[in-house]
Colleague: 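What follows is a single structure, and I will ask about it in a moment.
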Amino acid sequence: MEISERANKLTPSLTLAVDAKAKALKAEGVDVIGFGAGEPDFDTPEHIKAAAMGFLEAGFTKYTPSSGIPELRAAIAEKLKRDNGLDYEPSQIIVNCGAKHSCFNALLAVLNPGDEVLIPAPYWVSYPEMVKLAGGEPVIVPTTADTGYKLTPELFREYTSPLTKLVILNTPGNPTGVMYTENELAALAEVALDDDIYILSDEVYEKLVYDGAKHSSIASFSKDVYELTLTVNGFSKPYAMTGWRLGYVAAPKNVARAIDSLQSHSTSNPTSFAQKGALAAYKGPQDCVDEMVAEYAGRRARVLELLDGIRQIKYVRPRGAFYVLLDISATGLKSVEFSEKLLEEQKVAVVPGIAFGDDNTVRISYATSLNNIEAGLARIKKFVD
Ligand SMILES: Cc1ncc(COP(=O)(O)O)c(C=O)c1O
C-alpha cells in the first residue's frame with residue numbers, strides 16, 4: 001500500500017525518538033537522566049481530578065457539543081478577559097484535544113494550498129509539519145542569540161512575500177524560553193497589520209514565567225490586531241494535565257465557526273469528563289499553579305547557576321516555560337552527534353536542536369527533580385570538559 005504524499009512529506013519527531021532511546025536504556029536498568037521531557041513532572045492537582053472523577057461516576061460520558069461544553073467555553077472567555085484583556089464571546093472559543101490540536105485546527109481553518117507561513121527558528125518541533133499537513137509552505141525565519149532568539153520587525157519584513165498568510169508567535173517560547181515584551185509584540189503587530197498577515201499566537205506557557213516577566217497577548221493590542229489573530233492556549237502546562245488532551249483556540253467569529261465545523265467532522269468533542277476537569281482548573285483555586293511555578297523557578301535558578309559553571313556552553317537567559325536552549329558551538333559538535341554521544345558516554349538525554357531548526361543547540365528541560373538537575377548537569381560538564 002502506498003503512503004500519501006501528505007504523510008510522506010512529514011519528518012518524524014526527533015524529540016520522541018530521543019525520548020524512546022532514553023526510555024529503552026532505562027528499561028534495561030541503565031541510570032539515565034532525562035532532560036528531554038516537554039511536560040510537567042507534577043501530578044494533576046487533586047481538585048481537578050476529583051471533578052472529572054465525580055462527573056465520570058455520575059455518567060457524564062456522552063458526546064458533548066463538538067466545540068466543548070458551554071460552561072467551559074464561558075469560563076475560558078472569562079479567563080481570557082481577566083488575565084489577558086481579551087474580549088471573546090464563548091462562541092468564539094473552540095475547545096480542542098490539546099493545544100497541539102488547537103494549532104493544527106487553526107492552521108487548517110485559514111490556510112490554502114501554497115500559503116506561506118513564517119516560523120521563527122528555533123521553533124516548536126510540530127509547527128512546520130502542521131503547516132505542511134494543512135497544505136501550507138513553512139518559511140523558516142532564523143533568529144540568533146543576538147536578538148535573544150526573537151523575531152524582529154526587520155526579519156519579519158525581510159521574509160514576507162506576497163504569499164505570506166500567517167506568522168506563528170510563541171511566547172513564552174519552546175525551546176528557548178524567551179518572552180516577547182509588549183513593545184516587541186506591538187512592533188511585530190505593526191508589520192502584520194501592514195500586510196494583513198494572520199498571527200497564530202501560541203500562549204501555552206503563559207503562566208510559567210520568572211524574574212517578574214509579564215506575559216502579553218498580542219490580540220489585546222487593538223481591534224485590528226484582534227481580527228488577524230488566533231489565540232491558542234491550554235491546560236497541559238499550567239495544570240500538569242498533558243494526558244488529558246485539552247486546549248483551545250479563540251478566534252474571530254467566522255474562523256471559530258470553521259474550526260468547529262472541521263472538528264465536528266474529525267475528532268468531535270474533547271473527552272466529556274476531561275472538560276469538567278478543565279472547568280475545575282479554571283474555576284478552582286489557582287495556588288496549585290503558583291506552587292508549581294515556584295518549584296520551577298527554584299530549579300531554573302539552579303540550572304542557570306550550574307550552566308554558568310560550564311565554560312563551553314552559552315545560553316540566552318530564558319524568562320518562561322521550563323527549557324533552556326544550550327549553544328554547543330564551542331564544542332565543535334553538531335546537535336545530533338552531541339546528543340548521541342552524551343547519551344552514550346554520560347547517560348544524559350537532551351533534545352538535539354536540529355529538531356527545532358538550530359543544529360548548534362540542544363534543549364534541556366528542567367521539568368525534573370533538583371537531584372536530576374544536579375547530577376545531570378555535572379555529567380554534562382564532565383562530557384564537554
Ligand atoms: C509551544 C507548544 N505549543 C503547544 C503545545 C501542545 O500542548 P498540548 O499538550 O496542550 O497539546 C506544546 C507542547 O509541548 C508546546 O510546547
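Heavy atoms only: backbone and side chains are in, while hydrogens, waters and symmetry mates are out. Just follow the structure's listing: the first ligand is 1, and inside any ligand the first atom is 1. Index from 1, following the sequence.
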Colleague: Is Arg245 touching ligand 1 with its side chain, its backbone, both, or neither, if touching means heavy atoms under 4.0 Å apart?
Modeller: side chain
Colleague: Just need the protein heavy atom nearest to atom 12 (C) of ligand 1, so name the residue and atom and give the distance.
Modeller: Trp124 CZ2, 3.5 Å
Colleague: Hey, is Arg363 close enough to Asp358 for a salt bridge, meaning N to O under 4.0 Å?
Modeller: no
Colleague: Do the side chains of Glu344 and Lys341 get close enough for a salt bridge, i.e. N-O under 4.0 angstrom?
Modeller: no
Colleague: So for ligand 1, is Asn170 a polar contact partner (N or O within less than 3.5 Å, distance only)?
Modeller: no
Colleague: Under a 4.0 Å N-O cut-off, is there an ion pair linking Lys165 with Glu116?
Modeller: no
Colleague: Could you list the atoms of ligand 1 found under 4.0 angstrom from a heavy atom of Gly98?
Modeller: 10 (O), 11 (O)
Colleague: Which atoms from ligand 1 have a heavy atom of Asp202 less than 4.0 Å away?
Modeller: 1 (C), 2 (C), 3 (N), 4 (C)
Colleague: Where does Tyr205 meet ligand 1, judged by heavy-atom distances below 4.0 Å: at the side chain, the backbone, both, or neither?
Modeller: side chain
Colleague: Considering Gly247, Ser236, Gly243 one by one, which has a heavy atom nearer to atom 9 (O) of ligand 1 than any of the others?
Modeller: Ser236
Colleague: What is the nearest protein non-hydrogen atom to atom 6 (C) of ligand 1, stated with its residue, atom name and distance?
Modeller: Lys100 N, 3.5 Å
Colleague: Quick one: do Lys253 and Glu227 make a salt bridge, cutoff under 4.0 Å?
Modeller: no
Colleague: Among protein heavy atoms, which sits nearest to atom 14 (O) of ligand 1, and what does the distance come to when rounded to 0.1 Å?
Modeller: Lys237 NZ, 2.7 Å
Colleague: Specify side chain, backbone, both or neither for Tyr127, according to which of its non-hydrogen atoms lie closer than 4.0 Å to ligand 1.
Modeller: side chain
Colleague: So which bit of Glu39 gets within less than 4.0 Å of ligand 1, heavy atoms only: side chain, backbone, both or neither?
Modeller: neither
Colleague: Give the C-alpha distance, both sets of side-chain angles, the deciding distance and a yes or no for side chain to side chain donor-acceptor pair (under 3.5 Å) between Ser91 and Arg73.
Modeller: CA-CA 7 Å; Ser91 65; Arg73 295 169 84 192; 5.7 Å; no
Colleague: Below 3.5 Å, N or O to N or O, backbone or side chain included: is there any such pair between Ala99 and ligand 1?
Modeller: yes
Colleague: Can a side-chain donor-acceptor contact be found between Gln275 and Thr64 if the only test is distance below 3.5 angstrom?
Modeller: yes
Colleague: Could you please spell out the steps behind the ring pair (Phe, Tyr, Trp, His ring centres under 6.0 Å) verdict for Phe42 and Tyr296?
Modeller: CA-CA 11 Å; Phe42 302 107; Tyr296 289 133; 5.3 Å; yes
Colleague: So that I can tick it off, tell me whether Arg299 and Glu295 are bridged by a salt bridge, with the cut-off set at under 4.0 angstrom between side-chain N and carboxylate O.
Modeller: yes
